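Here the structure is laid out as structure tokens; the discussion comes afterwards.
Remember, predicted model here, so these are calculated numbers, not experimental data.
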Amino acid sequence: MPATKMARKRTKRAPLSGNAGESAGKTDRRVVRTRDVLGDALMALIREMPFESITVQHVLDRAGVSRSTFYEHYEDKNDLFLSDAAEFFEAMSTALSKHGDKSSRVAPVCEFFAHVAEQRQFHDALVASGKIQDLWEMGEEYFARGIEQRLRELPAVPAMTPPRPAALARAFAGALFSLLSWWIQSGREMSAAQMDELFHRMVWSSIGVAPPKQAKQAKLSKRFVKI
């Protein structure tokens with residue numbers, strides 16, 4: 001399912017008028033808080049019951065939010081789920097670029113895999129509800145764009161003419177999620193850090209350059225590891 005559809009609802013930016021700035025800032029914070037409360041409520045419910053059994057009323061009761069407020073932000077529970085997931089993948093897939101990571105990595109594989117492992121109960125609930133495929137397909141789209149951006153940023157990457165960077169990024173993103181599925185199913189015999197190294201050796205081998213020395217992995221913010 002296209003990621004553009006999932007992320008269509010976002011907090012509006014504050015207006016350019018300085019007079020409205022403080023009021024808009026308070027409004028935006030309230031919007032963000034409401035979205036976070038609703039998202040947290042749905043994530044908790046998914047751990048407790050099948051996704052198809054969850055109703056909007058369940059979410060409202062758990063979050064303590066009115067029905068009218070919910071429908072100001074989302075069309076239904078599926079819209080809430082996908083919007084929350086889109087925000088997560090957007091933050092995770094671009095984290096290295098946004099945080100100015102100095103390593104040669106093209107994706108925060110270690111952090112992403114470790115987060116999925118920590119949320120194994122939630123992952124298994126999504127598998128049981130048949131939602132994991134939609135989630136992984138969305139993740140591939142976001143990671144493909146994030147990896148393509150990193151390929152343009154890293155000095156060790158040789159200059160490539162379009163569409164090769166986009167094609168490689170898409171292939172790498174697909175491989176990342178394939179490795180993630182295998183890693184979970186195999187019982188995680190390798191550590192998240194080892195999977196990071198394995199993935200990036202494959203990346204650099206595919207590009208045709210020697211793997212650069214890896215810098216210490218950055219500790220990424222917990223703000224975007226919600227689901």
Side-chain angles (χ1 to χ4, degrees), residues 1-14 27-47 51-52 54 56 58-60 62-63 65 69-99 106-109 111-127 129-150 166 169-170 172-178 180-181 184 220-227:
M1 194 172 293
T4 52
K5 181 179 179 182
M6 318 310 178
R8 65 182 177 276
K9 296 187 176 180
R10 291 283 181 255
T11 301
K12 294 181 179 179
R13 293 182 180 180
T27 300
D28 284 353
R29 287 193 293 273
R30 285 196 294 267
V31 169
V32 170
R33 181 182 180 281
T34 298
R35 291 169 60 89
D36 285 345
V37 168
L38 288 168
D40 289 343
L42 180 61
M43 299 306 115
L45 288 166
I46 289 174
R47 293 181 176 89
F51 185 84
E52 61 271 17
I54 299 172
V56 170
H58 285 136
V59 177
L60 301 181
R62 181 64 63 92
V65 173
T69 298
F70 178 91
Y71 285 111
E72 285 178 8
H73 300 281
Y74 305 104
E75 294 178 359
D76 51 30
K77 66 175 183 180
N78 201 54
D79 189 25
L80 168 59
F81 171 75
L82 295 174
S83 181
D84 218 42
E87 291 179 2
F88 167 78
F89 282 126
E90 168 67 21
M92 182 64 81
S93 63
T94 60
L96 298 181
S97 295
K98 289 180 177 178
H99 288 257
V106 299
V109 178
E111 295 86 345
F112 180 39
F113 279 36
H115 173 69
V116 173
E118 291 171 0
Q119 300 295 327
R120 181 60 189 269
Q121 180 186 1
F122 179 71
H123 169 274
D124 292 347
L126 290 178
V127 172
S129 294
K131 302 295 293 183
I132 198 68
Q133 189 60 37
D134 285 347
L135 197 66
W136 276 187
E137 287 178 3
M138 180 197 296
E140 281 192 34
E141 291 194 29
Y142 277 98
F143 270 92
R145 291 197 293 271
I147 291 171
E148 184 178 0
Q149 181 178 348
R150 285 290 284 178
R170 171 62 70 171
F172 295 151
L176 188 155
F177 279 86
S178 179
L180 176 60
S181 295
I184 295 171
L220 302 182
S221 171
K222 292 292 185 181
R223 289 175 299 171
F224 51 78
V225 292
K226 177 177 165 184
I227 67 171

With rounding to the nearest 0.5 Å, note down the distance linking [atom1] in [X] to [atom2] in [Y].
X: K77; Y: L42; atom1: NZ; atom2: CG; value: 8.5 Å
X: N78; Y: K131; atom1: CG; atom2: NZ; value: 4.0 Å
X: E140; Y: S93; atom1: CD; atom2: OG; value: 12.5 Å
X: D79; Y: D84; atom1: CG; atom2: CG; value: 10.5 Å
X: W136; Y: L180; atom1: CH2; atom2: CG; value: 5.0 Å
X: L126; Y: R47; atom1: CG; atom2: CZ; value: 9.0 Å

Which atom names give the shortest non-hydrogen contact between [X] and [Y], and what distance separates them?
X: A169; Y: A144; answer: CB-O, 3.2 Å
X: I184; Y: H123; answer: CD1-NE2, 3.6 Å
X: P108; Y: F143; answer: CD-CE2, 4.1 Å

Would you call [X] and [Y] a side-chain contact if the rule is heavy atoms closer than 4.5 Å?
X: V59; Y: F81; value: no
X: T34; Y: V37; value: no
X: H73; Y: S83; value: no
X: R145; Y: E141; value: yes
X: I132; Y: L135; value: yes
X: R30; Y: R33; value: no
X: Y74; Y: V56; value: no
X: L176; Y: F113; value: yes

Using the six-membered ring wherever Trp is involved, compare the ring planes of F89 and Y142 and label them parallel, tilted or perpendicular (cut-offs 30° and 60°).
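F89 and Y142: parallel rings.
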Evaluate R150 against F172 for side chain to side chain contact (heavy atoms under 4.5 Å, CB included), listing each step before the verdict.
CA-CA 12 Å; R150 285 290 284 178; F172 295 151; over 6 Å; no
Measuring centre to centre across the rings, with the benzene-like ring taken for any Trp, is F177 within less than 6.0 Å of F112?
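Between F177 and F112, the centre distance is under 6.0 Å.
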